[in-house]
Novice: 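There's a structure below that I have some questions on.
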Amino acid sequence: MAMDAETQMQFLYTLRSKGVTDARTLSAMEKVDRGDFVKGLFTARAYEDMPLPIACGQTISQPSVVGLMTQALNVQPRDKVLEVGTGSGYQAAILSHLARRVYTVDRYIRLVREAQAIFDRLGIVNITSMPTDGSFGLPDQAPFDRILVTAAAEDPPGPLLAQLKTGGIMVLPVGQSDAVQSLIKVTRLETGFDYEELRAVRFVPLVEGMGQE
Ligand code: SAH
């Protein structure tokens with residue numbers, strides 16, 4: 001599926017009107033066609049600002065929330081980024097245009113395999129995808145300049161805080177899975193962590209252990 005010019009203009013307009021104003025974020029989102037990451041019946045709604053179902057009972061996030069998270073992460077061109085929660089691969093593809101290297105992990109092997117097939121087809125070569133429980137981070141590749149978690153934990157997982165470089169930023173939703181959660185931005189300082197609350201969000205829960213598919 002390809003986005004026509006008018007659809008793309010509307011898509012970018014909606015992002016801006018919801019607060020996604022950072023030029024680099026908008027330009028990265030312009031390069032990634034959400035229609036490539038949505039399947040079947042839902043492709044017709046790929047450019048609407050709403051979350052949509054994907055395989056394994058998971059969801060591809062709402063574009064404006066993807067944009068706000070990407071913007072808050074403030075990725076730099078030399079950065080090594082970890083994403084926990086590959087899902088469809090949409091967010092990772094956007095990050096791949098902003099970072100040097102993106103590691104993305106999901107507890108469902110099937111989602112990782114399908115996302116990797118899309119990255120290959122699109123010729124995206126700086127994403128490494130892996131099936132693993134991301135609540136423990138990715139110790140082999142740590143530390144990271146940026147960490148983005150796209151599933152909600154009750155608190156920021158300790159291993160992820162530990163795998164963030166000094167000066168590094170982590171953006172994640174926190175809160176109970178069945179309640180409204182807060183999107184927070186954690187910055188690792190020389191002496192500790194700074195926490196900033198960004199807005200209310202709703203994400204699927206961060207679940208420990210591998211999935212069944
Ligand atoms: N970023 C995705 C949306 C992710 S939905 C996109 O752009 O489409 C959240 C994802 O987090 C789901 O795919 C779910 O399987 C995954 N997830 C939940 N708990 C996890 C864990 N402990 N480790 C890795 N992935 C996890």
Side-chain angles (χ1 to χ4, degrees), residues 15 20 25 28-29 31-39 42-43 45-73 75 81-99 102-119 122 124 127-139 141 144 146-160 163 170-178 181 183 201-213:
L15 290 174
V20 184
T25 298
M29 291 186 78
K31 292 183 189 133
V32 181
D33 186 341
R34 192 169 182 251
D36 286 331
F37 297 87
V38 177
K39 292 205 175 69
F42 296 106
T43 50
R45 316 197 73 167
Y47 310 114
E48 293 177 25
D49 193 29
M50 50 160 55
L52 294 170
I54 56 171
C56 307
Q58 304 303 311
T59 52
I60 176 171
S61 314
Q62 187 177 346
S64 58
V65 172
V66 169
L68 291 169
M69 290 176 92
T70 306
Q71 178 168 289
L73 205 60
V75 178
V81 181
L82 171 65
E83 181 197 25
V84 176
T86 311
S88 67
Y90 178 61
Q91 172 76 74
I94 292 165
L95 293 172
S96 79
H97 290 288
L98 297 166
V102 177
Y103 292 88
T104 184
V105 302
D106 205 287
R107 59 191 289 276
Y108 285 104
I109 294 170
R110 173 175 170 191
L111 292 177
V112 171
R113 200 188 304 126
E114 290 180 1
Q116 186 60 54
I118 302 172
F119 304 148
L122 297 177
I124 299 176
I127 302 178
T128 305
S129 61
M130 265 179 266
T132 187
D133 178 354
S135 35
F136 299 102
L138 207 52
Q141 301 299 336
F144 297 96
R146 300 288 186 267
I147 299 178
L148 182 59
V149 187
T150 64
E154 284 187 24
D155 296 297
L160 296 181
Q163 290 172 28
M170 171 157 70
V171 172
L172 78 167
V174 291
Q176 306 279 345
S177 61
D178 53 355
Q181 307 139 2
L183 189 63
V201 283
R202 192 165 186 139
F203 275 83
V204 298
L206 189 75
V207 179
E208 287 200 8
M210 292 301 287
Q212 286 310 307
E213 283 182 79

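Numbers here simply count residues along the sequence, with the first being 1. Note that ligands are numbered from 1 as they come in the structure, with each ligand's atoms numbered from 1 the same way. Small disclaimer: the values here were computed from a predicted structure and weren't measured.
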Novice: Note the single closest protein heavy atom to atom 23 (N) of ligand 1, along with its residue, its atom name and the distance in Å.
Specialist: Gly134 N, 2.7 Å

Novice: Would you list the atom pairs, donor with acceptor, under 3.5 Å between side chains in residues 202-213 and any protein atom, with sequence neighbours excluded?
Specialist:
| from | atom 1 | to | atom 2 | distance (Å) |
| --- | --- | --- | --- | --- |
| Glu213 | OE1 | Arg110 | NH1 | 2.9 |

Novice: For atom 15 (O) of ligand 1, what is the nearest protein heavy atom, given as residue, atom name and distance?
Specialist: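 That would be Asp106 OD1, 2.7 Å.
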
Novice: Please find the pair of heavy atoms, one from Met50 and one from Pro63, that lie closest to each other, and give the distance.
Specialist: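 Answer, listing the atom of Met50 first, then Pro63: N-CD, 3.8 Å.
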
Novice: Please report whether ligand 1 has a polar contact with Tyr108, defined as an N or O pair separated by less than 3.5 Å (distance criterion only).
Specialist: no

Novice: Which residue and atom name correspond to the protein heavy atom nearest atom 14 (C) of ligand 1, and how close is it?
Specialist: Gln58 OE1, 3.3 Å

Novice: Can you list the atoms of ligand 1 that are under 4.0 Å from a heavy atom of Val204?
Specialist: 5 (S), 9 (C)

Novice: Any N or O of Val84 that comes nearer than 3.5 Å to an N or O of ligand 1?
Specialist: no

Novice: Does an N or O from Gly85, backbone or side chain, lie closer than 3.5 Å to an N or O of ligand 1?
Specialist: yes

Novice: Assign the ring pair Phe144 / Tyr103 to parallel, tilted or perpendicular, where the plane angle (0 to 90°) is split at 30° and 60°.
Specialist: perpendicular

Novice: Under 4.0 Å, heavy atoms only, figure out whether ligand 1 is touched by the backbone of Cys56, its side chain, both or neither.
Specialist: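 No part of Cys56 is near ligand 1 at this cut-off.
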
Novice: In the protein, which heavy atom is nearest to atom 8 (O) of ligand 1, and how far is it?
Specialist: Ser88 OG, 2.6 Å

Novice: Pairs of nitrogen or oxygen atoms closer than 3.5 Å, one from Glu208 and one from ligand 1: do any exist?
Specialist: no

Novice: Checking the side chain of Asp106 only, and the main-chain atoms of Val112 only, is there a donor and an acceptor separated by less than 3.5 Å?
Specialist: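 Side chain of Asp106 to backbone of Val112, a donor-acceptor pair under 3.5 Å: no, none is there.
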
Novice: Mark up the atoms of ligand 1 that fall under 4.0 Å of a heavy atom belonging to Ile60, in ascending order.
Specialist: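 Those atoms are 8 (O).
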
Novice: In the protein, what heavy atom is nearest to atom 3 (C) of ligand 1, and what distance, to one decimal place, separates them?
Specialist: Thr59 O, 3.3 Å

Novice: Please report which non-hydrogen protein atom sits nearest to atom 19 (N) of ligand 1, along with the residue it belongs to and the distance in Å to one decimal place.
Specialist: Val207 N, 2.9 Å

Novice: For atom 7 (O) of ligand 1, grab the closest protein heavy atom and report residue, atom and distance to one decimal in Å.
Specialist: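 Protein heavy atom with the smallest distance to atom 7 (O) of ligand 1: Gln91 N, 3.0 Å.
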
Novice: Which residue holds the protein heavy atom closest to atom 18 (C) of ligand 1, what is that atom called, and what is the gap in Å?
Specialist: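 Scanning the protein heavy atoms, the shortest distance from atom 18 (C) of ligand 1 goes to Pro205 O, 3.6 Å.
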
Novice: What part of Val66, side chain from CB on, backbone N/CA/C/O, both or neither, has a heavy atom under 4.0 Å from ligand 1?
Specialist: neither

Novice: Check ligand 1 against Asp133 and write out every atom of the ligand that is under 4.0 Å from a heavy-atom position of the residue.
Specialist: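 In order of numbering, the contacting atoms are 21 (C), 22 (N), 23 (N).
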
Novice: Hey, does the side chain of Ser61 reach the backbone of Pro51 with a donor-acceptor pair shorter than 3.5 angstrom?
Specialist: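 The answer is no, because no donor-acceptor pair under 3.5 Å joins these two groups.
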
Novice: Distance-only, no hydrogens or angles: does the Glu83 side chain make a donor-acceptor pair with backbone N or O of Gly89 under 3.5 Å?
Specialist: no

